[in-house]
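In what follows, every chain begins at residue 1, and chains take the letters A, B, ... in the order their sequences are listed.
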Amino acid sequence: MRLSIYNTLKRKKEIFEPLNPPHVGMYVCGPTVYGDAHLGHARSALTFDLVFRYLKFLGYKVRYVRNITDVGHLENDADEGEDKIAKKARLEQLEPMEIVKYFTDRYHANMDALNIQHPSIEPTASGHIIEQIEMVKTIFDKGYAYEAEGSVYFDVDKYSQDYDYGKLSGRKVEELLENTRELAGQEEKKNSFDFALWKKADERHIMQWKSPWSKGFPGWHMECSAMSKKYLGETFDIHGGGMDLLFPHHESEIAQSNAAQGKDAVRYWMHNNMITVNGQKMGKSLNNFITLNEFFSGKHEALQQAYSPMTIRFFLLQAHYRSTLDFSNEALQAAEKGMNKLFAAYDLIEKLPDTKSSSVDIAKYRDLCLKAMSDDFNSPVLIAHLFDLVKVINQVNDKKETLSKDDIVTLKQIFDDFLITILGIKSEKSTDNTQVVDYLMQTILDIRQNAKTNKDWATADKIRNDLNKLNIQVKDTKDGASWSFR
RNA sequence: GGUACCGUGGCCGAGUGGCUAGGCGGAGGUCUGCAAAACCUUACACAGCGGUUCGAAUCCGCUCGGUACCUCCA
C-alpha cells in the first residue's frame with residue numbers, strides 16, 4: 001500500500017516517494033521558548049510525531065529535525081522592536097538563556113507526558129548563527145538581498161523576476177504591494193514585503209552577534225533554512241509546521257533556499273490546522289489559549305476537570321490533522337470515555353477464549369488500518385476501525401462471535417502496532433506491584449462474593465462503592481466478578 | 001480589500017458520485033439483588049437555492065454564514 005501525503009505546495013495528495021529511500025529527511029518548525037506550550041503546540045508536535053512513527057513503521061529510516069527557536073523574533077518588524085525572549089528576560093530580570101532553558105525544559109516535559117517521541121536532532125537558532133550568516137552572505141552575493149543601515153533585507157521584487165514568490169501561499173507580489181499594511185520603521189526597506197535576513201541591534205538589545213554588516217541577530221526565517229540545509233541537505237523530503245506559518249514564514253523559507261541554491265529545498269510541505277475555542281483560533285495573540293500544564297492539572301476557568309496527557313493525545317488524534325478542531329469539555333470527556341473503552345477491550349484480548357475457527361475476518365482489519373494511515377495519516381478513520389474491533393472483542397468475550405488462537409494473536413498485533421506503536425497511546429494505569437494488587441483484589445472480591453451469597457447487600461455495595469472511589473471498577477458477570485482500573 | 005479554507009444528526013468528528021463511518025450522549029431491551037460494564041435494537045444528518053448525472057453530503061454556479069493568513073503566533 002502506497003503512502004499519500006497532502007502537499008500544501010500542490011494543494012493535493014501525492015504519492016510519497018522519498019529522495020533517497022529508505023532514508024527520509026523531515027524538518028518541523030518547533031516552538032519559540034518564551035512561554036508554556038499550549039494545545040496548539042501539542043497538535044503540531046503530535047501531527048509530526050504521528051508522521052515520524054508511521055514512516056518508521058513502514059520501514060523508513062527517518063532523520064527528524066525539529067528546532068528550538070531561542071533567539072526570539074521581533075515583536076514587530078519595526079526597528080525599535082524588541083525580541084520576545086529578550087523582553088521576557090528583562091521583565092523577569094534573568095539572562096535570556098535562563099528563560100530559554102526554563103521553557104525548553106517545560107516543553108520537553110509536556111511532550112514526554114504526551115508520549116511524543118524525541119526528534120533525531122533538535123538544533124537551536126542561537127547555536128547556528130554562523131550557518132545563518134553564511135547563508136545570508138550567499139543570498140547577498142547572488143544579488144537577492146541589499147544592505148541598509150547595517151541590516152540586510154531580502155529583495156522580493158528582484159527575486160520574483162526569476163522565481164515565483166507566493167507559490168506556496170497563493171499570493172501575488174503585485175497584490176502584496178497593494179495590501180500590505182504600512183508599519184512604522186520600515187523606511188529602510190525598498191518594499192514593504194521585503195523581509196529581514198539580518199537585523200542590526202541597538203545597544204539595549206541583549207542578544208546580538210557579530211556579522212559582516214553589523215552587530216545584530218538573524219532574521220526570523222533564516223534559522224529554518226540554514227539548519228535544515230545543515231542537517232538534511234540542500235533538498236529534503238518533508239517540511240512541516242502549523243498552517244499559520246504558511247505565510248510569510250514558509251513562503252520566505254522557499255525564497256531564501258531558491259535564492260541561495262537556485263532550487264527548492266522541500267519536496268512535500270505539510271501543515272497542521274488550528275485548534276479553535278468557540279470557533280476561534282486558540283493562540284497567543286488572542287490570549288484565549290490553555291496551556292498543557294493547565295489541561296493536566298485542570299486549573300483553568302474554562303476547564304471542568306483535569307484531562308490526562310493521553311486523553312489530550314487521543315482527543316487530538318480523533319480529528320484529522322488538516323481539519324480545525326474545536327475545543328470543549330464535552331468533546332474532551334467523550335474522548336476520555338472512548339479511550340477507556342478502547343483500553344478495556346485491549347486488556348481483554350489476552351483473556352479471550354479461543355476456538356478452532358473464527359467467525360470474524362480479522363486480517364481484513366489490518367488492511368483497513370493500513371489503508372487509513374496511508375491515506376494522508378487519517379488517524380480518525382484508523383480509530384474508527386479500532387472501535388469496530390472493540391466490538392468484536394466484546395462479542396467474542398460474550399461468546400457471540402468466535403476467534404481462533406492465531407486470529408487472537410493477529411488481533412493483539414493489530415492493537416500493538418496501530419494503537420500503541422503508531423498512535424502512541426499508552427496505558428496510564430500504574431503497573432507497580434501488579435501481583436500484590438491482583439492478590440488483594442481477589443481477596444476482596446472473595447469477601448464480597450461471600451456477602452452476596454449471604455444476601456448481605458450492604459457489605460457488597462460498600463466494597464463496590466469504596467473501590468469505585470479508587471477508580472477501580474467492579475464488574476459482576478455470570479462467571480463471578482472481575483475488576484479493572486478505570 | 002487580497003489569498004486560502006470551511007459549513008455533516010444533541011456534541012465531537014470521518015467520508016469527494018451509488019454501499020451502516022466511528023466516539024460521546026438519548027430511547028427501548030438482554031443480563032443483574034441493585035448498579036456498572038458488555039451485548040442487541042433504535043431515533044436524530046449532510047447551511048439554502050439552482051444545475052450536471054440514471055444517481056450528489058460528495059461535482060459546478062449562486063446566496064447565506066463562519067474561520068485562518070496578509071504584524072509575532074502551532
Side-chain angles (χ1 to χ4, degrees), chain A residues 8 11 28-32 34-35 37-48 72-78 81 83-84 166 169-172 174-176 178-181 183 193 220 240-249 251 271-276 279-286 289 314-315 318-320 322-339 341-342 344-345 348 372 375 378-388 390-391 393-395 397-400 452 455-457 460-461 464-465 468 473-478 482 484 486:
Chain A
T8 312
R11 307 233 173 244
V28 173
C29 293
T32 304
Y34 69 108
H38 58 66
L39 198 54
H41 293 97
R43 190 172 203 195
S44 175
L46 178 59
T47 295
F48 297 101
H73 306 315
L74 295 181
E75 291 211 311
N76 59 54
D77 218 2
D83 93 40
K84 290 176 291 197
S169 57
R171 284 178 171 76
K172 295 190 166 43
E174 312 86 67
E175 287 163 358
L176 283 173
E178 293 167 18
N179 293 310
T180 305
R181 291 173 231 172
L183 289 170
F193 45 68
W220 64 284
M243 250 178 202
D244 49 354
L245 298 177
L246 218 138
F247 188 90
H249 186 54
E251 194 71 64
H271 292 92
N272 62 278
N273 215 319
M274 303 290 105
I275 303 281
T276 57
Q280 251 204 331
K281 175 183 166 181
M282 176 181 281
K284 288 209 165 113
S285 55
L286 290 163
F289 62 94
F314 189 72
F315 171 68
Q318 270 192 308
H320 186 82
R322 280 191 288 114
S323 301
T324 55
L325 173 60
D326 202 54
F327 153 82
S328 70
N329 281 284
E330 208 181 352
L332 236 17
Q333 284 158 15
E336 185 177 48
K337 285 184 186 172
M339 187 178 68
K341 186 174 165 181
L342 208 48
L348 208 52
D375 183 13
N378 200 325
S379 55
V381 168
L382 168 59
I383 289 170
H385 293 320
L386 293 179
F387 273 113
D388 287 340
V390 166
K391 192 165 183 173
I393 291 166
N394 284 319
Q395 284 175 331
N397 191 48
D398 282 3
K399 302 189 174 62
K400 286 177 174 155
K452 284 179 69 175
K455 294 199 191 293
D456 178 4
W457 308 127
D461 288 351
R464 189 175 62 197
N465 293 339
N468 246 316
Q473 182 170 57
V474 177
K475 299 170 187 171
D476 287 329
T477 67
K478 278 180 200 159
S482 67
S484 66
R486 230 194 276 279

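Rounded to an integer number of Å, the gap from CZ of A:F387 to C1' of B:G23 is 5 Å. If you take CG of A:L325 and P of B:G23, they are 18 Å apart, rounded to a whole angstrom. Atom CZ of A:R171 is separated from atom P of B:U3 by 10 Å (rounded to the nearest Å). Counting to the nearest Å, the P atom of B:G33 and the NZ atom of A:K455 are 7 Å from each other. Taking atom CZ of A:R322 as the reference point, atom P of B:A4 lies 16 Å away to the nearest angstrom. At whole-Å resolution of the value, CG in A:D326 and C1' in B:U8 are 15 Å apart. In this entry the distance linking NE2 of A:H320 with P of B:C6 reads 12 Å, nearest Å. Atoms CG (A:L246) and P (B:C5) sit 11 Å apart, rounded to a whole Å.
In this structure, A:K281 reaches the B:C69 phosphate: one of its side-chain N or O atoms is under 4.0 Å from OP1 or OP2. Contact annotation: A:N394 reaches the phosphate of B:C39 (side-chain N/O to OP1 or OP2, under 4.0 Å). A sub-4.0 Å separation between OP1 or OP2 of B:C40 and a side-chain N or O of A:Q395 is present. A:T32 has no side-chain polar atom (N or O) that falls below the 4.0 Å cut-off from OP1 or OP2 of B:C73. Checking the phosphate oxygens (OP1, OP2) of B:C39, no side-chain nitrogen or oxygen of A:K399 falls inside 4.0 Å. Distances shown here put a side-chain N or O of A:K341 below 4.0 Å from the OP1 or OP2 atom of B:C24. The shortest distance between the side-chain N/O atoms of A:N378 and the OP1/OP2 oxygens of B:G15 is below 4.0 Å. Between A:K391 and B:C40 there is a side-chain polar atom (N or O) within less than 4.0 angstrom of OP1 or OP2.
In terms of modelled atom types and a separation under 3.5 Å, the side chain of A:N397 and the main chain of A:I393 share no donor-acceptor contact.
A:M243 comes within contact range of no nucleotide atom at all, as no heavy-atom separation falls under 4.0 Å. Nucleic acid contact class of A:K337 (heavy atoms, under 4.0 Å, all strands): sugar-phosphate only. Within the 4.0 angstrom heavy-atom criterion, no nucleotide atom of any strand lies near A:S482. Nucleic acid contact class of A:G338 (heavy atoms, under 4.0 Å, all strands): sugar-phosphate only. Looking at heavy-atom distances under 4.0 Å, A:R43 makes no contact with the nucleic acid at all. Counting any heavy atom pair closer than 4.0 Å across all strands shown, A:L245 reaches sugar-phosphate atoms only and no base atom. Here A:H38 lies in heavy-atom contact (under 4.0 Å) with a base.
With a cut-off of 3.5 Å on both pairing distances, B:U32 has no Watson-Crick or G-U wobble partner at all. Within the shown strands, B:C64 is the pairing partner of B:G7 under the Watson-Crick or G-U definition, both distances less than 3.5 Å. Pairing for B:U42 goes to B:G26, judged as Watson-Crick or G-U wobble with the two contacts each under 3.5 Å.
Comparing B:A36, B:C73, B:A68 against the side chain of A:H41 picks out B:C73 as the nearest. Nearest to the side chain of A:K400, among B:G13, B:U3, B:C39, sits B:C39. Side-chain proximity of A:E330 to B:C73, B:G10, B:G13: nearest is B:G10. Comparing B:G23, B:G33, B:G22 by their closest approach to the side chain of A:D388 singles out B:G22. Looking at the side chain of A:D476, the nearest of the listed nucleotides B:C73, B:C24, B:A35 is B:A35. Comparing B:C39, B:C34, B:A14 by their nearest atom to the side chain of A:R464 picks out B:C34. Residue A:Q473 has its side chain nearest to B:A36 when only B:G13, B:G33, B:A36 are considered. Residue A:V381 places its side chain closer to B:A14 than to any other of B:G33, B:C12, B:A14.
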**OP:** Before giving the answer on side-chain contact (heavy atoms from CB on, under 4.5 Å), spell out for A:F387 and A:K391 the whole-Å C-alpha distance, their side-chain angles and the decisive distance to 0.1 Å.
**Re:** CA-CA 6 Å; A:F387 273 113; A:K391 192 165 183 173; over 6 Å; no
Original post:
Do A:R322 and A:T47 pass the side-chain contact (heavy atoms from CB on, under 4.5 Å) test, and can you show the C-alpha distance, the side-chain angles, and the key distance before you say yes or no?
Top reply: CA-CA 9 Å; A:R322 280 191 288 114; A:T47 295; over 6 Å; no
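Within the model, atoms CG of A:L348 and OG of A:S482 stand 8.5 Å from one another, a figure rounded to the nearest 0.5 Å.
Of the two residues contacting RNA chain B, namely A:Q333 and A:D461, the nearest-nucleotide position lying further toward the 5' end is that of A:Q333. With the nearest nucleotide of RNA chain B identified for both A:K284 and A:S328, A:S328 has the one nearer the 5' end.
Of the listed residues (A:L325, A:N378, A:D375), just one forms a side-chain contact (heavy atoms from CB on, under 4.5 Å) with A:H320, and that residue is A:N378.
A gap of 10 Å separates the P atoms of B:G15 and B:G7, to the nearest Å. Atom name C1', nucleotides B:G55 and B:G17: the rounded distance is 8 Å, in whole Å. Remark: the separation of the P atoms in B:G61 and B:U20 is 30 Å, to the nearest Å. For the P atom pair drawn from B:A68 and B:G29, the interatomic distance equals 47 Å after rounding to whole Å. Nucleotides B:A35 and B:A27, compared at atom P, are 14 Å apart to the nearest Å. B:U53 sits 30 Å from B:A4 when the C1' atoms are compared, rounded to a whole Å. Straight-line distance between the P atoms of B:A45 and B:C5: roughly 30 Å, to the nearest whole Å. One C1' atom belongs to B:C11, the other to B:G18, and the distance between them is 29 Å to the nearest Å.
Between A:F289 and A:H38, the ring-plane angle classifies as tilted under the 30° and 60° cut-offs.
The minimum heavy-atom distance linking A:A460 with A:K452 is given by the pair CB-CG, 3.7 Å. Residues A:A372 and A:V381 come closest through the heavy atom pair CB-CG1, 3.6 Å.
Salt bridge present: A:D461 and A:R464 bring a charged side-chain N and a carboxylate O closer than 4.0 Å.
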